[in-house]
Amino acid sequence: DGGITQSPKYLFRKEGQNVTLSCEQNLNHDAMYWYRQDPGQGLRLIYYSQIVNDFQKGDIAEGYSVSREKKESFPLTVTSAQKNPTAFYLCASSIGTTSVNEQFFGPGTRLTVL
Amino acid sequence: GNSVTQMEGPVTLSEEAFLTINCTYTATGYPSLFWYVQYPGEGLQLLLKATKADDKGSNKGFEATYRKETTSFHLEKGSVQVSDSAVYFCALLPSGGSYIPTFGRGTSLIVHP
């Protein structure tokens, strides 16, 4: 089955540690995205990538980093510089080549920093 | 810039009640419009979409009509079920091949038996 996988579903880290969230897709999509979701809030875009080896900052990129070395993978690193990292993180992808570009989402990773 | 405004929730209904969740947008040109649904602890799933004015998107008993004159895309369902309890997000994708959607803040729906 085609889709997006995120791992792990729950992640706990101590304050001051970097942590990397995995996102893999087998949909052959060009574009991938990372969002952050906080309780009662909508989605906020962290980073996005339209092609391999290229990515752009979204609205809240500070304290985060990404890489896009392969088309199917777009890992997100939450660094110690992110002041409030506890949140639900969603990865998404889209075809990226047409104007009607609905997004496909992974199941999310809930990060808790202790 | 682009924006999407949804009615604030939670919306609380009894089973078999009629549902409307309002969504209005601001954008230039002719954006594509979407409704996504998020069940507890999960990612978002596309519920329905419309790509041009007067188009009606429909899926699983939900419907929404793209109204250019009122810049709206309200979500409706004639008879809700407990299993429809979720958060619903309205979103737009600008015309011109943009890859970046604009989401509303989401509306929580709670359906009681």
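Predicted model, so just to flag it, every value in this text is computed and none were measured. Naming: A, B, ... by sequence-line order, numbering from 1 per chain.
In the hydrophobic clustering of ILVMFWY residues, with side-chain heavy atoms under 4.5 Å counting as a link, A:Val19 and A:Phe74 come out together.
Using a 4.5 Å heavy-atom threshold, the side chains of B:Asp84 and B:Phe62 count as touching. Counting heavy atoms from C-beta outward, B:Val4 and B:Cys23 have side chains that approach closer than 4.5 Å.
Within residues 106-114 of chain A, the residues having any heavy atom less than 4.5 Å from a heavy atom of chain B are, in residue-number order, A:Gly106, A:Pro107. For residues 78-93 of chain A, heavy-atom neighbours of chain B at less than 4.5 Å comprise A:Phe88, A:Leu90, sorted by residue number. For residues 102-113 of chain B, the interface with chain A (any heavy-atom pair closer than 4.5 Å) comprises B:Phe103, B:Gly104, B:Arg105, sorted by residue number.
Heavy atoms closer than 4.5 Å to chain A are found in the side chain of B:Gln38, but not in its backbone. Only the side chain of A:Gln37 comes within less than 4.5 Å of a heavy atom of chain B; its backbone N, CA, C and O stay farther away. With a 4.5 Å cut-off on non-hydrogen atoms, A:Ile4 does not touch chain B at all. For a residue to count as touching a neighbouring chain, one of its non-hydrogen atoms must lie under 4.5 Å from one of that chain's; by this rule A:Phe104 does not touch chain B.
A salt bridge is defined here as a Lys NZ or Arg NE, NH1 or NH2 lying under 4.0 Å from an Asp or Glu carboxylate O, and A:Arg44 with A:Asp38 meets this definition.
Across every non-hydrogen atom of B:Tyr66 and B:Tyr25, the tightest pair is CE2-OH, 3.2 Å. The heavy-atom pair separating B:Val37 from B:Ala86 by the smallest distance is CG2-CB, 3.5 Å. Pairing each heavy atom of B:Ala17 with each of B:Leu13, the nearest pair is CB-CB, 4.1 Å. For B:Pro101 against A:Tyr35, the heavy-atom pair with the smallest separation is CG-OH, 3.5 Å.
Take A:Ala61 and apply the side-chain contact (heavy atoms from CB on, under 4.5 Å) test, not counting sequence neighbours, and it matches A:Tyr47, A:Lys57.
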*Verify side-chain hydrogen bond (donor to acceptor under 3.5 Å, both in side chains) between B:Glu16 and B:Ser79, making sure each step is shown before the conclusion.*
CA-CA 4 Å; B:Glu16 299 183 3; B:Ser79 175; 5.3 Å; no
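Atom CZ of B:Phe18 has more than 12 heavy atoms from other residues, nucleotides or ligands within 6.0 Å. Counting heavy atoms of neighbouring residues, nucleotides and ligands inside a 6.0 Å radius, atom CD of B:Glu76 exceeds 12 of them. The environment of B:Glu69 atom CD is dense: over 12 non-hydrogen atoms of other residues, nucleotides or ligands sit within 6.0 angstrom.
A donor atom on one side chain and an acceptor atom on the other are not found under 3.5 Å apart for B:Ser32 and B:Thr51. If you check the side chains of A:Ser94 and A:Gln103, you find no donor sitting under 3.5 Å from an acceptor.
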